[in-house]
Amino acid sequence: MKYSLINVEVDHGETVDGNWIQDVTGTFEDALRIAQETEKANSGRIQVAIVEQIDSSVVILGYWKNLKKIHG
């Protein structure tokens, strides 16, 4: 499975708005571990949400709205 990690700017409950950080190819547990490591590396100053992979050729540095979060 492929997931995208999002640096959350606005959390709407079931959806989030924010910037794409990276894609993860692997299990949900892989994505969760990387999301938690990313938050820890930033001293907890950011919230990282896991969403289904964003299907776009211009995902890098993109700001995305209303992404349905899987976790975060």
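Along the sequence shown, residues carry numbers from 1.
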W20 reachable from V51 in the ILVMFWY side-chain graph, under 4.5 Å edges: yes
Search all heavy atoms of V16 against all heavy atoms of A49 and return the closest pair with its distance. CG2-CB, 4.1 Å
Could you see if Y3 belongs to whatever hydrophobic cluster contains I21? Use Ile, Leu, Val, Met, Phe, Trp, Tyr and a side-chain cutoff under 4.5 Å. yes
What side-chain donor-acceptor pairs closer than 3.5 Å can you find for residues 65-72, not counting sequence neighbours?
residue	atom	partner	partner atom	Å
K69	NZ	D11	OD1	3.1
K69	NZ	D11	OD2	2.8
K69	NZ	G13	O	3.1
K69	NZ	G72	O	3.0

Give the table of side-chain donor-acceptor pairs shorter than 3.5 Å for residues 33-43, with sequence neighbours excluded, one pair per line with atom names and distance.
residue	atom	partner	partner atom	Å
T38	OG1	I34	O	2.8
E39	OE2	V48	N	2.8
N42	ND2	T38	O	2.8

For Y63, which of N7, I6, N19 qualifies under side chain to side chain contact (heavy atoms under 4.5 Å, CB included)? N19
Taking atom CE of M1 and atom CG of D30, what is their separation to the nearest 0.5 Å? 12.5 Å
Could you tell me which non-hydrogen atom of S4 sits nearest to which non-hydrogen atom of D23, and how far apart they are? OG-OD1, 2.6 Å
Linked, directly or transitively: W64 and V8 (ILVMFWY side chains, under 4.5 Å): yes
Verify the cluster assignment for I54 and L5: are they in a single hydrophobic cluster under the rule of side-chain heavy atoms below 4.5 Å apart? no
